[in-house]
S.K.: 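Below is the structure I would like to discuss, written out as structure tokens.
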Protein chains: 2
Amino acid sequence: MTAKNPGVQVRGSTTGRPVMVLFDVLGQRWTLRILWELRHGRLNFRDLRGRCDDISPTVLNARLKTLRELKLVDHREGGYAYTDQGAELSRKLATFDQWAERWAKTLNPS
Amino acid sequence: MTAKNPGVQVRGSTTGRPVMVLFDVLGQRWTLRILWELRHGRLNFRDLRGRCDDISPTVLNARLKTLRELKLVDHREGGYAYTDQGAELSRKLATFDQWAERWAKTLNPS
DNA sequence: TCTTGACGCTACACAATATGTAGCATTATG
DNA sequence: CATAATGCTACATATTGTGTAGCGTCAAGA
């Protein structure tokens, strides 16, 4: 499964519509989690892996490769971090946190 | 892999933090797509399947089951549709569309 | 009362992906 | 040199998804 650029056809869609490309990559296991954990700042491979409950390095590497290709994450001295675009996306993901808290309350009013 | 309620421990996380539950389910293949397609209004199983590029019915059913358990989707006469909570979430997803369009332009300035 | 068709699935064999552990190659440090 | 940290890769096993067939229920028409 290779990440495709938006504008190109993608698994599960014949449109190549950018949002489909995004959903395709976010819908892979661990991608959302990785983006979420990078909010802690630039992290090296092993630290990021630790934050992600010791995800298999095979998968972590595959996801990081995709995220780099899609210019959501970069890799420099010191480790992995958001690009500007990735930071924008992560700000969107951050809003899911508050939403999920409210959602959880209505699900488990306990 | 069963969907767990927020507040309960979840695959890939020891916190049970609600946003992790959300990322867990959104990170399964097809979940984002299914939520996206439901923006067309209430759809029956076969129509929804058609919108999702004829996804395997096995997976569609599994995802719908999870989404119903998490009260993001309901199933009534006429088919599947968002709950109020699901509609809130889908509004968040809708903003990804515009974002992805801009992102695509910077990726492929063509 | 017999089709016929729509619908919501389930079964199942096969294919693709993820997991988990080991460990290699490179670089820096003592 | 030896040691340790880092960024991975290899690989066998386990989990998940795919794709096709088709079943059971219901409702409408002949």
Side-chain angles (χ1 to χ4, degrees), chain A residues 1-4 9-14 20-21 23-38 40-70 72-82, chain B residues 1-4 9-14 20-21 23-38 40-70 72-82:
Chain A
M1 206 282 320
T2 3
K4 324 277 194 328
Q9 288 207 358
V10 98
R11 176 192 74 200
S13 173
T14 49
M20 291 300 177
V21 178
F23 285 171
D24 191 55
V25 59
L26 295 184
Q28 286 186 281
R29 197 159 296 163
W30 293 108
T31 303
L32 283 164
R33 176 68 178 274
I34 290 165
L35 286 172
W36 176 253
E37 296 299 342
L38 283 175
H40 293 107
R42 192 169 291 272
L43 290 173
N44 69 31
F45 191 92
R46 288 181 185 220
D47 288 345
L48 180 52
R49 189 175 170 230
R51 293 254 184 209
C52 294
D53 295 310
D54 281 323
I55 174 183
S56 141
T58 315
V59 176
L60 178 55
N61 188 44
R63 295 297 177 271
L64 287 172
K65 183 164 180 255
T66 299
L67 291 171
R68 270 179 287 163
E69 285 169 359
L70 296 178
L72 296 173
V73 160
D74 70 9
H75 185 205
R76 295 201 224 131
E77 179 69 26
Y80 294 89
Y82 301 128
Chain B
M1 210 283 320
T2 4
K4 324 277 195 327
Q9 289 207 357
V10 97
R11 176 192 74 199
S13 172
T14 50
M20 292 299 178
V21 179
F23 286 171
D24 191 55
V25 58
L26 296 184
Q28 285 186 281
R29 196 160 294 164
W30 293 108
T31 304
L32 282 164
R33 175 68 177 273
I34 290 166
L35 287 171
W36 176 252
E37 296 300 340
L38 283 174
H40 293 108
R42 193 168 291 274
L43 290 172
N44 69 32
F45 191 93
R46 288 180 186 221
D47 289 345
L48 180 53
R49 191 176 168 229
R51 293 257 184 206
C52 295
D53 295 310
D54 282 324
I55 174 183
S56 144
T58 314
V59 176
L60 179 55
N61 188 44
R63 295 299 178 271
L64 288 171
K65 182 164 180 255
T66 299
L67 291 171
R68 271 180 286 162
E69 286 170 358
L70 295 179
L72 296 173
V73 160
D74 70 8
H75 185 205
R76 294 202 222 130
E77 179 70 25
Y80 294 88
Y82 301 128

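If you're wondering where the values come from, they're calculated on a predicted model, not measured in any experiment. Chain letters run A, B, ... following the sequence lines, proteins first, then strands; residues in each count from 1.
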S.K.: Nearest to the side chain of A/P57, heavy atoms from C-beta on, is which of C/dT21, D/dG17, D/dA21?
M.R.: C/dT21
S.K.: Output the rounded distance in Å from NE2 (B/H75) to P (C/dC7).
M.R.: 12 Å
S.K.: Any side-chain N or O of A/R63 below 4.0 angstrom from OP1/OP2 of C/dA18?
M.R.: yes
S.K.: When the distance from CG of B/L60 to P of D/dG19 is rounded to whole Å, what number comes out?
M.R.: 14 Å
S.K.: Can you find a side chain N or O atom of A/N61 that sits less than 4.0 Å from OP1 or OP2 on D/dG7?
M.R.: no
S.K.: Can you check the B/R49 CZ to D/dG22 C1' distance for me, whole Å?
M.R.: 12 Å
S.K.: D/dT16 C1' sits how many Å from B/I55 CD1, rounded?
M.R.: 13 Å
S.K.: Does any non-hydrogen side-chain atom of A/T31 lie less than 4.5 Å from one of A/L67?
M.R.: yes
S.K.: Are B/R29 and C/dA16 close enough that a side-chain N or O sits under 4.0 Å from OP1 or OP2?
M.R.: no
S.K.: Report yes if the side chains of B/H40 and B/D47 come closer than 4.5 Å at any heavy-atom pair, otherwise no.
M.R.: no
S.K.: What is the distance, rounded to the nearest whole Å, between atom CZ of A/R46 and atom C1' of D/dA5?
M.R.: 7 Å
S.K.: Hey, which sits more toward the 5' end of DNA chain D by its nearest nucleotide, B/D54 or A/D47?
M.R.: A/D47
S.K.: CZ of B/F45 versus P of D/dG22: gap in Å, rounded?
M.R.: 18 Å
S.K.: Does the side chain of B/N44 get closer than 4.0 angstrom to OP1 or OP2 of C/dA6 through an N or O atom?
M.R.: no
S.K.: Counting C-beta onward and ignoring hydrogens, is there a side-chain heavy-atom pair between A/S56 and A/W30 closer than 4.5 Å?
M.R.: no
S.K.: Can you tell me the distance, in whole Å, between the CH2 atom of A/W30 and the C1' atom of C/dA18?
M.R.: 10 Å
S.K.: Expressed as a whole number of angstroms, how long is the span from B/R76:CZ to C/dC7:C1'?
M.R.: 19 Å
S.K.: Salt bridge between A/R42 and A/D74, side-chain N to carboxylate O under 4.0 Å?
M.R.: yes
S.K.: Look at the side chain of A/S56 and decide which nucleotide, out of C/dC7, C/dG20, D/dG7, has an atom nearest to it.
M.R.: C/dG20
S.K.: Any idea which of C/dA22, C/dG8, D/dT18 is nearest the B/V59 side chain?
M.R.: D/dT18
S.K.: Hey, does A/R51 have a side-chain heavy atom less than 4.5 Å from the side chain of A/L43?
M.R.: yes
